[in-house]
Amino acid sequence: MQWRVRGGRGHAVLLLGVLAAVAVNGSGEAPVSCQQLGLRVSRVELDAAVKDIVWLTGQVVLIITKKNTLYRSGDDGRTFRSVMDQLEDSETEEAPYANGVMGMFPSDADPRRVFIKGGGKVHWVTTDGGRTFHVRRMGMAVGDVKMH
């Protein structure tokens, strides 16, 4: 699995519990738990493997899974919930386009603004860190996005 981490928060491994639940000490004795090491690991249930992660300000984390589902966390990755019900027309694309979310493009100028690329002609923008989303029907598929 490849991880692409944006945002510079530096704790992607801890965020999703990719850290193993135990660490083995050098003497081959019983494993040491993460709690004994002072680490907190949370189990997060998603519908598929992670495709992309974006950290925003205010402890907000956005994740896209390989099933093109967008999840949001407002507590620095301790819990996540799908926000697909907020993405108007996210399930209406016709062939050859795909439903769901294909990419996230955060703004360098505004840490709460993210362009969410759909699989076809429907896309979304959030200006409040993923609390709400505004649909953008562009009439064409979008390749790559450069925020400015």
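As the structure is a prediction and not an experimental result, all values here were calculated from the model.
Clustering ILVMFWY residues whenever any of their side-chain heavy atoms sit less than 4.5 angstrom apart, transitively, puts Val54 in the very cluster that holds Val60. Val114 and Leu87 end up in the same hydrophobic cluster when Ile, Leu, Val, Met, Phe, Trp and Tyr side chains are linked at under 4.5 Å. Cluster annotation: Met102 is not connected to Val122 through the hydrophobic network of ILVMFWY side chains, with a link wherever side-chain heavy atoms come within less than 4.5 Å.
Phe115 CZ to Arg113 CZ: the interatomic distance, rounded to the nearest 0.5 Å, is 12.0 Å. Of the inter-residue distances, the one linking Gln86 atom CD with His134 atom NE2 reads 10.5 Å to the nearest 0.5 angstrom. In this structure, CG on Leu62 lies 11.0 Å from CH2 on Trp55, to the nearest 0.5 angstrom. The CH2 atom of Trp124 lies 9.5 Å from the CD atom of Glu88; values are rounded to the nearest 0.5 Å. We find the CG-NZ distance between Leu46 and Lys51 to be 13.5 Å, quoted to the nearest 0.5 Å.
For Ser82, there are no side-chain hydrogen bond (donor to acceptor under 3.5 Å, both in side chains) partners at least two apart in sequence or on another chain. Residues forming a side chain to side chain contact (heavy atoms under 4.5 Å, CB included) with Asp47 (at least two apart in sequence, or on another chain): Thr65, Lys67, Thr69, Tyr71. Scanning for side chain to side chain contact (heavy atoms under 4.5 Å, CB included) contacts around Arg112 gives Thr57, Asp110, Asp128, Arg131, with sequence neighbours left out.
The two atoms that bring Met104 and Leu70 nearest to each other are SD-CD1, 3.7 Å, heavy atoms only. In terms of heavy-atom proximity, Ala48 sits nearest to Lys66 at CB-N, 4.0 Å.
Between Val61 and Ile53 the shortest side-chain heavy-atom distance falls below 4.5 Å. Asn68 has its side chain out of reach of Met84: every pair of non-hydrogen atoms, C-beta onward, lies at least 4.5 Å apart.
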